[in-house]
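Okay, so here's the structure we're looking at.
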Protein chains: 2
Amino acid sequence: MPLSQSALITKLNTYAPLTSEEIASLTEVQSKPIVVRRGKELFHEGQHGQMVFIVQRGWASSYKDVPDGGRQIINFAIPGDCVGLRSVLLKESDHAFSALTDSTLRTIDAVRMTQLFEDFPRLRAGFLWSAARDEAMALEHLVGIGRRSAISRVAHFFLELAERLTLVGLATETQFHCPLNQYVLGDALGLSAIHVNRVLRGLRERGLLTVKSGVVLIHDLQGLGEIANYHSLNPRSQVSGSSQTGPPTQSLPTARLPNTRSDN
Amino acid sequence: MPLSQSALITKLNTYAPLTSEEIASLTEVQSKPIVVRRGKELFHEGQHGQMVFIVQRGWASSYKDVPDGGRQIINFAIPGDCVGLRSVLLKESDHAFSALTDSTLRTIDAVRMTQLFEDFPRLRAGFLWSAARDEAMALEHLVGIGRRSAISRVAHFFLELAERLTLVGLATETQFHCPLNQYVLGDALGLSAIHVNRVLRGLRERGLLTVKSGVVLIHDLQGLGEIANYHSLNPRSQVSGSSQTGPPTQSLPTARLPNTRSDN
DNA sequence: CGACGCTTTGACACAACTCAACAACCGTGG
DNA sequence: CCACGGTTGTTGAGTTGTGTCAAAGCGTCG
């Protein structure tokens with residue numbers, strides 16, 4: 001069984017060990033591998049998406065277009081990731097999904113997915129748990145864009161990416177391949193591509209991280225963790241961004257409580 | 001049955017009509033109403049939150065603190081809203097949750113919730129659908145903060161709020177009560193309170209919207225919809241922000257595709 | 001070789017933040 | 001009744017982070 005196939009299983013196993021029957025059924029409901037070229041739109045916002053995609057090889061992204069011509073990337077999907085669960089629940093997709101590189105994916109039809117979940121409640125629980133985890137990442141993303149400086153955002157992004165890639169064996173402690181150019185990074189981080197460039201230069205000059213021809217080198221995990229104030233998704237591999245070190249990059253406003261009675 | 005109690009049921013009914021047995025059980029698993037003062041923290045980030053909160057009266061907020069002293073509000077909970085489902089799935093909460101006004105809530109214990117979902121799959125489906133809807137809102141929020149100008153964000157925020165409040169009978173077409181001060185708004189919208197003030201002035205001067213002593217008055221729904229580029233959560237009550245009208249407030253960068261082959 | 005995609009840099013503009021001060025409002029207590 | 005402090009809203013002046021525009025450098029590939 002190829003790595004990328006087992007990636008999803010490994011992930012679900014983290015939640016609760018799967019029986020061989022569950023694994024067999026999960027494999028069985030999946031379509032044959034689909035190979036797509038980079039740029040291929042798998043589904044668009046508003047589409048009545050009745051299927052889930054599982055990435056086996058390559059990178060993809062979930063995003064929303066804004067009418068002014070820009071877009072916001074919500075999440076990058078890497079091998080082992082499952083995209084579109086929420087779209088199935090909502091009957092129509094609230095975001096678009098495209099391949100960033102040439103990729104291989106499998107799909108699961110919504111109906112078969114539903115059936116699978118009825119037959120194997122533990123699989124349902126596992127998928128829900130995985131979806132909850134993705135949502136937690138999206139929230140962290142929200143906080144980053146809303147309340148963190150550009151440099152902190154970028155540092156945070158690469159740390160999270162490194163951790164995710166490590167989980168599926170696509171990164172070592174200090175380096176990984178990353179096919180995202182600065183335009184794409186900008187769209188993900190809510191920055192202009194040019195500013196991404198400046199921030200990357202800053203990180204490079206501080207000796208923290210280098211991005212060169214599609215390869216990310218992490219020179220100073222600790223230092224990055226401090227700038228990013230990164231908290232690992234996995235409790236064990238905590239980077240421990242010491243919360244009191246260094247001058248705050250930027251001080252941000254704290255809200256006082258509203259002083260209103262409830263009269264609803 | 002008080003309005004606020006029926007709000008959740010109404011919401012779930014939108015997904016699929018509930019039987020009286022389902023309604024009875026849903027009511028039965030809930031705790032007695034809990035009355036809290038404004039500022040009360042219901043749970044904090046990282047807490048092993050084994051319960052779900054349902055707001056009956058008052059306003060609350062989900063948020064994450066950032067170490068620099070700022071925070072990002074993820075969502076406001078209004079009567080009928082259910083908070084903490086994801087926390088139950090993840091075993092620990094990825095955000096904090098506090099009352100913004102004096103409020104009344106009910107809780108559902110995680111264990112009883114699980115049992116309820118096993119007994120009534122349609123209730124489970126309803127809750128999941130509701131959660132998916134909340135997440136769709138959070139994503140829209142993400143896009144707003146990442147890719148929209150301040151004025152567009154604020155306009156969008158109030159339109160969405162108006163729609164949500166209308167659904168539970170707490171707003172009319174043109175006005176509603178809103179206990180959020182400018183500091184809180186800033187924390188939600190990724191802006192400083194002072195800038196919120198300036199943006200509100202802008203909206204007022206354009207004759208679009210007024211906020212005065214806790215009451216929001218919408219003067220020009222159409223105009224707001226255009227600035228916000230708002231798309232209704234409910235397909236029927238579309239505000240139809242005409243996508244081609246007016247000069248773009250701000251033009252934003254579009255990413256080109258990365259030119260990298262997949263070699264994962 | 002030229003075309004293309006991507007990165008890098010500089011100069012400049014502007015949106016949003018900070019600091020500081022003041023005004024309006026409200027409940028409390030003298 | 002008025003003085004008071006606390007909270008919130010308003011405004012101005014100055015700063016800064018980030019976006020825009022423009023141009024050049026540099027691999028890679030056909």
Side-chain angles (χ1 to χ4, degrees), chain A residues 38-39 66 68-70 72 100-101 144-154 178-187 189-205 210-216 247-261 263, chain B residues 38-39 66 68-70 100-101 144-154 178-187 189-205 210-216 227 247-261 263:
Chain A
R38 78 187 183 85
V66 295
D68 316 37
Q72 174 67 48
L100 284 170
T101 66
I145 291 182
R147 285 286 169 221
R148 277 201 262 260
S149 66
I151 192 169
S152 174
R153 258 180 267 179
V154 173
C178 170
L180 310 174
N181 69 31
Q182 298 177 351
Y183 292 88
V184 173
L185 288 174
D187 279 349
L189 297 166
L191 299 169
S192 69
I194 290 166
H195 200 62
V196 168
N197 183 291
R198 286 193 276 251
V199 170
L200 288 179
R201 169 158 51 134
L203 290 173
R204 194 189 321 136
E205 286 170 355
T210 313
V211 184
K212 184 100 182 169
S213 59
V215 175
V216 176
T249 322
Q250 194 180 17
S251 165
L252 291 154
T254 316
R256 310 166 196 169
L257 272 174
N259 192 19
T260 322
R261 280 155 270 86
D263 37 9
Chain B
R38 75 186 186 86
V66 295
D68 316 36
L100 284 170
T101 66
I145 291 181
R147 285 285 171 223
R148 277 200 261 260
S149 66
I151 192 170
S152 172
R153 258 180 268 178
V154 173
C178 170
L180 311 174
N181 68 32
Q182 297 176 349
Y183 293 89
V184 173
L185 288 174
D187 279 349
L189 297 167
L191 300 169
S192 69
I194 291 168
H195 201 61
V196 168
N197 182 293
R198 286 194 268 256
V199 169
L200 288 179
R201 169 157 53 131
L203 290 173
R204 194 189 322 133
E205 285 170 354
T210 313
V211 183
K212 184 101 182 172
S213 59
V215 176
V216 176
I227 286 187
T249 322
Q250 194 180 15
S251 165
L252 292 153
T254 314
R256 310 167 198 169
L257 272 173
N259 193 19
T260 322
R261 279 153 270 85
D263 36 10

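Given the structure is predicted, the values throughout are model-derived calculations rather than measurements. Just so we're on the same page: letters track the sequence lines, and every chain starts at 1.
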Practice item. Look at all strands and tell whether A/Gly186 reaches a base, only sugar-phosphate, or nothing, counting heavy atoms closer than 4.0 Å. Key: nothing

Practice item. Mind listing the residues from residues 195-205 of chain B sitting with a heavy atom below 4.0 Å of DNA chain C? Number order is fine. Key: B/His195, B/Arg198

To the nearest Å, how far apart are [X] [atom1] and [N] [atom2]?
| X | N | atom1 | atom2 | value |
| --- | --- | --- | --- | --- |
| B/Ile145 | C/dC17 | CD1 | P | 11 Å |
| A/Asp187 | D/dG19 | CG | P | 11 Å |
| B/Arg147 | C/dA16 | CZ | P | 13 Å |
| A/Arg148 | D/dG17 | CZ | P | 18 Å |
| A/Leu191 | C/dA15 | CG | P | 18 Å |
| A/Asn181 | C/dT8 | CG | P | 11 Å |
| B/Tyr183 | C/dC17 | OH | C1' | 14 Å |

Review point. Shortest non-hydrogen contact from A/Leu191 to A/Arg153?
Key: CD2-NH1, 3.6 Å

Point to revise | Closest non-hydrogen atom pair between A/Leu200 and A/Leu185, with its separation | key: CD1-CD1, 4.5 Å

State which residues pass side-chain hydrogen bond (donor to acceptor under 3.5 Å, both in side chains) with [X]; sequence neighbours excluded, sorted by chain then number.
| X | answer |
| --- | --- |
| A/Gln182 | A/Asn197 |
| B/Arg201 | none |
| A/His195 | A/Arg198 |

Check your understanding: Any side-chain heavy atom of A/Leu100 sitting closer than 4.5 Å to one from A/Leu180?
Key -> yes

Revision key, fill the gap. Walking DNA chain D from its 5' end, the first of A/Gly190 and A/Lys212 to be reached, judged by nearest nucleotide, is A/Gly190

Review point. Picking from D/dG19, D/dG9, C/dT18, which would you name as closest to the side chain of B/Ile194?
Key: C/dT18

Study note, to complete from the structure: With the side chain defined as heavy atoms from C-beta on, B/Ala150 is closest, among D/dT11, C/dT7, C/dA16, to C/dA16

Review point. Rounded to the nearest 0.5 Å, what separation is found between the CD atom of A/Gln72 and the CD1 atom of B/Ile145?
Key: 9.5 Å

Check your understanding: B/Gln182 side chain N/O closer than 4.0 Å to the phosphate oxygens (OP1, OP2) of D/dT7?
Key -> no

